Amino acid sequence: MWRFSQVGIALGALGAMICFMGLFPGVTGAATTAGIGLVQVLMVVVGYGFLVLGALIYLKCIFFLGVAATLSQQIGLRLAITGILFAAMAGLADIVGFGSHIRDDASDIFFGQLQMVGILASFALSSVGVLVYVLAGAKLARHTPVEALSDSIAGVDDTREVPLVDLDEPV
């Protein structure tokens with residue numbers, strides 16, 4: 001499980017890269033157009049979702065491995081996921097059909113200021129969720145001895161007794 005934290009780092013880096021490509025599509029060589037489109041909104045939301053998921057995996061594997069999550073940490077986890085869900089709902093509101101600029105044959109998709117504020121507020125909510133997760137578990141990490149954590153990570157079981165072996169005797 002110790003190396004699983006590297007998966008969290010890789011997932012977070014991939015999410016940051018996808019989010020960056022969604023915000024600035026000219027970096028990839030794609031032709032830039034006026035406004036923001038469906039693919040850009042999806043890339044930003046999916047990229048930020050990967051970033052938050054990678055952060056949560058990393059925090060769990062590095063600081064709280066082998067420790068049961070507290071109620072406060074579970075609330076932080078749910079806040080982070082809810083923020084990503086609200087960002088997807090705010091960004092795709094007009095496409096799904098409950099936004100203020102419903103798409104018809106004569107008009108194109110419009111990404112308005114209210115949608116932008118909704119996405120940014122939702123990203124802030126998910127960031128607060130990650131902070132709640134790590135700060136609520138800070139007491140657990142402070143009171144857990146480091147030796148016990150490193151032993152549980154390495155798979156060492158100190159509860160059984162190891163028999164002594166005489167090195168002079170052939171096996």
Side-chain angles (χ1 to χ4, degrees), residues 1-67 69-138 140-141 153:
M1 287 300 287
W2 178 258
R3 293 194 183 256
F4 196 62
S5 64
Q6 294 174 352
V7 172
I9 293 171
L11 197 61
L14 176 70
M17 186 177 64
I18 290 173
C19 189
F20 184 75
M21 288 182 347
L23 289 172
F24 306 106
V27 173
T28 61
T32 57
T33 59
I36 185 168
L38 169 68
V39 175
Q40 284 180 280
V41 172
L42 281 175
M43 285 184 69
V44 168
V45 171
V46 168
Y48 194 76
F50 281 166
L51 182 67
V52 168
L53 184 64
L56 290 170
I57 289 172
Y58 178 77
L59 290 172
K60 179 65 177 174
C61 290
I62 292 296
F63 295 114
F64 310 116
L65 187 65
V67 179
T70 63
L71 179 63
S72 304
Q73 284 183 312
Q74 291 178 3
I75 290 172
L77 178 71
R78 282 162 178 76
L79 271 177
I81 295 171
T82 302
I84 295 168
L85 178 70
F86 284 170
M89 287 174 37
L92 302 174
D94 290 343
I95 297 164
V96 174
F98 60 87
S100 57
H101 302 283
I102 305 299
R103 182 179 181 189
D104 56 2
D105 294 336
S107 68
D108 200 14
I109 298 170
F110 179 75
F111 187 78
Q113 291 179 348
L114 193 58
Q115 285 177 297
M116 180 185 63
V117 169
I119 285 179
L120 291 177
S122 300
F123 284 172
L125 178 69
S126 63
S127 299
V128 166
V130 172
L131 285 175
V132 166
Y133 182 81
V134 74
L135 293 177
L140 292 174
I153 290 169

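Heavy-atom basis, side chains included; hydrogens, waters and symmetry copies ignored. The structure displayed is predicted, hence computed values, not measured ones.
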dist Phe20:CZ -> Leu51:CG (nearest 0.5 Å) comes out at 14.0 Å
Ser5 versus Phe63: any side-chain heavy-atom pair under 4.5 Å?
no
Scanning both residues in full, the closest heavy-atom pair of Val45 with Ala88 reads CG1-CB, 3.9 Å
Looking only at heavy atoms, the pair that brings Ala136 and Thr70 closest together is O-OG1, 4.3 Å
Over 12 foreign heavy atoms within 6.0 Å of CZ, Phe123: yes
Tightest non-hydrogen contact, residues Val44 and Gly22, listed as CG2-C, 3.7 Å
Distance col, row Gln73:CD vs Leu135:CG, nearest 0.5 angstrom, shows 10.0 Å
Minimal heavy-atom distance between Gly83 and Ser122, with the atoms involved, is O-CB, 3.1 Å
Note: Ile18 and Met43 closest approach over all heavy atoms is CG2-O, 3.4 Å
CG (Leu85) and CG (Leu125) are apart, to the nearest 0.5 Å, by 10.5 Å
Rounded to the nearest 0.5 angstrom, the OH-CD1 distance for Tyr48 and Ile84 is 7.5 Å
If only atom types and distance count, is the side chain of Tyr133 paired as donor or acceptor with the main-chain N or O of Leu56 below 3.5 Å? no
For Leu79 and Gly129 the tightest heavy-atom approach is CB-CA, 3.7 Å
When rounded to the nearest 0.5 Å, the distance separating OG of Ser126 from CG of Leu53 is 11.5 Å
Exercise. Counting only heavy atoms not in Leu14, do more than 12 fall under 6.0 Å of its CG?
Worked result: yes
The reported gap from CG in Leu59 to CG in Leu77 (rounded to nearest 0.5 angstrom) is 11.0 Å
query: With a 4.5 Å limit on heavy-atom distance, are the side chains of Leu38 and Leu92 in contact?
result: yes
